[in-house]
Amino acid sequence: MTEQMTRKQLNARIVDEIDRNLKQAFDDMATAPVPDRFAELLEQLKQAEARKREIGDDA
């Protein structure tokens, strides 16, 4: 029984460590700036949508 309890405790510690590492990785990603290429693509999309709305309003 002691060996089984130790395994449960070890598994819980492993899960906790994985949880902490994943949270840290996602926190780091969330605070990272958007890459320039993505920002450029988003701007192109906004411009295309604005042009589409203008054409739609003229029709």
Side-chain angles (χ1 to χ4, degrees):
M1 182 99 170
T2 304
E3 183 179 331
Q4 193 173 29
M5 185 67 145
T6 302
R7 283 186 183 169
K8 287 181 182 179
Q9 290 173 342
L10 181 59
N11 286 340
R13 291 181 74 185
I14 291 170
V15 168
D16 288 344
E17 185 67 23
I18 291 170
D19 186 50
R20 277 193 300 275
N21 288 336
L22 285 172
K23 285 179 181 177
Q24 183 63 46
F26 283 112
D27 286 347
D28 291 347
M29 289 180 70
T31 57
V34 175
D36 290 341
R37 180 66 181 139
F38 288 141
E40 291 168 6
L41 290 171
L42 288 171
E43 184 58 33
Q44 289 174 9
L45 179 60
K46 287 179 187 177
Q47 291 173 1
E49 288 177 344
R51 285 192 298 273
K52 191 174 181 180
R53 279 193 301 271
E54 289 174 6
I55 292 170
D57 290 343
D58 292 341

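These figures come from a predicted structure and were not determined experimentally. We count residues from 1, following the sequence as given.
- Ion pairing between a basic and an acidic side chain is recognised when a charged N comes within 4.0 Å of a carboxylate O; Glu54 and Arg51 show no such pairing.
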- Message: One pair to check against side chain to side chain contact (heavy atoms under 4.5 Å, CB included): Leu22 and Ile18. What are the steps and the verdict?
- Response: CA-CA 6 Å; Leu22 285 172; Ile18 291 170; 3.9 Å; yes
- Task: Any chance you could lay out the salt bridge (Lys or Arg N to Asp or Glu O under 4.0 Å) test for Lys52 and Glu49, step after step, and finish with the verdict?
- Result: CA-CA 5 Å; Lys52 191 174 181 180; Glu49 288 177 344; over 6 Å; no
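- Annotation: the span from Ile14 atom CD1 to Asp19 atom CG amounts to 13.5 Å, rounded to 0.5 Å.
- Under the side chain to side chain donor-acceptor pair (under 3.5 Å) criterion, Glu43 pairs with Gln47, sequence neighbours left out.
- Heavy-atom neighbours of Asp36 CG from other residues, nucleotides or ligands within 6.0 Å: at or below the threshold of 12.
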